[in-house]
Amino acid sequence: MSTTAALPHPDASALNAAIRTFLSARRGRALSGSERSEYEALRARWVAAVRAGFETAA
């Protein structure tokens with residue numbers, strides 16, 4: 001067993017919920033440029049969290 005502490009990973013479920021909340025608040029209209037950037041940042045963090053989960057499981 002490794003004695004190295006695992007680095008904390010962002011919670012994919014929490015990020016998914018944040019994305020859903022973000023998009024729900026803007027339902028029925030196109031995202032502005034700044035909103036699109038915020039969404040893309042959230043999505044990138046979610047993808048990283050999901051990938052980290054797969055690496056941890058492997």
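With sequence neighbours excluded, the residues that form a side-chain hydrogen bond (donor to acceptor under 3.5 Å, both in side chains) with Glu35 are Arg26, Arg29, Ser32.
The CD atom of Glu40 sits 9.0 Å away from the CG atom of Leu31 when rounded to the nearest 0.5 Å. The CH2 atom of Trp46 lies 9.5 Å from the CZ atom of Arg51; values are rounded to the nearest 0.5 Å.
Closest non-hydrogen pair, Tyr39 versus Ile19, comes out as CE1-CG2, 3.8 Å. Scanning all heavy atoms of the two residues, the minimum distance from Ala49 to Asp11 falls at CB-C, 4.4 Å.
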